J.: 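Below you'll find the structure I mean.
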Amino acid sequence: MSKTSIRPMIEVALFATIAYILDLVTQPMSIGPWISLSFKMVPIFLLSFRWGVGAGAMGGLIWGLLQVVTGQAAGGWLTLTQGFLEYFVAFSLIGISGVVKPVLDKAIIQGKKLKSLVYITGGILLGGFSRYLIHFIAGVIFWGSYAPKGQSPYLYSFIVNSSSFLGETLASLIVFFALQRFLGRLLNTEK
Ligand code: 218
């Protein structure tokens, strides 16, 4: 049996809490009529890139759980199935971004800057897309009645969720690109 070491566990708790607090205290930054940047997924991506899929998924799950137990999810919680999908499954799926960790580590060790950024971009897009695919599906099934008169639930859910998807993943990409000089130290878990 393999034992989970203490360090990633502490970081999961810390970064999930930071994501929750960022969500509470920051306003999305509007960059046009359709997209607002929102940086709150960054801590979960950091977890995924530092420790891999399992830690990222655990961090996302705890972030979702924190929103639910503190009542922050109330407005987005319609039914048990929908709430479970959108707060537990969707947020855990952000951790999929960690699949790039092995190749990312290699690229960073070899000092290949462009390659590192390509893997980070791939991880962020994959994690963000996986999460928002769930929100899109839940939007069609559970939020269709909120669509403007005459608009199909598919189009409505696509408009709402693709705009949030873009705002959140774009913001995360900007942060990681801005921090590229420090990636080696940010993602090094050895010391
Ligand atoms: C069309 C539509 N409206 C609302 C929701 C609910 N939703 C969307 C995105 C993210 C989250 C989690 C909280 O940030 C929620 C609950 C939807 N899926 N579709």
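Quantities reported herein were computed from a predicted structural model and do not represent experimental measurements. When a ligand or atom number is given, it counts from 1 through the structure's own listing order.
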J.: Does CE in Met58 sit with more than 12 non-hydrogen atoms of other residues, nucleotides or ligands closer than 6.0 Å?
T.: no

J.: Identify, chain by chain and in numerical order, each protein residue with a heavy atom under 4.0 Å from an atom of ligand 1.
T.: Gly76, Glu86, Tyr87, Phe91, Arg131, His135, Gly139, Trp143, Tyr156, Ser157, Val160, Asn161

J.: Flag yes if more than 12 heavy atoms outside Phe88 fall under 6.0 Å of its CZ atom; otherwise flag no.
T.: yes

J.: Can a donor-acceptor pair be found, under 3.5 Å and without considering hydrogens, that links the side chain of Ser38 to the backbone of Pro28?
T.: no

J.: Please collect all side chain to side chain donor-acceptor pair (under 3.5 Å) contacts where either partner lies in residues 24-33, sequence neighbours excluded, each pair once.
T.: none

J.: Is a side-chain donor or acceptor of Lys40 paired with a backbone partner of Tyr20 at a separation under 3.5 angstrom?
T.: no

J.: Between the side chain of Arg7 and the main-chain N/O of Thr189, is any donor-acceptor distance below 3.5 Å?
T.: yes

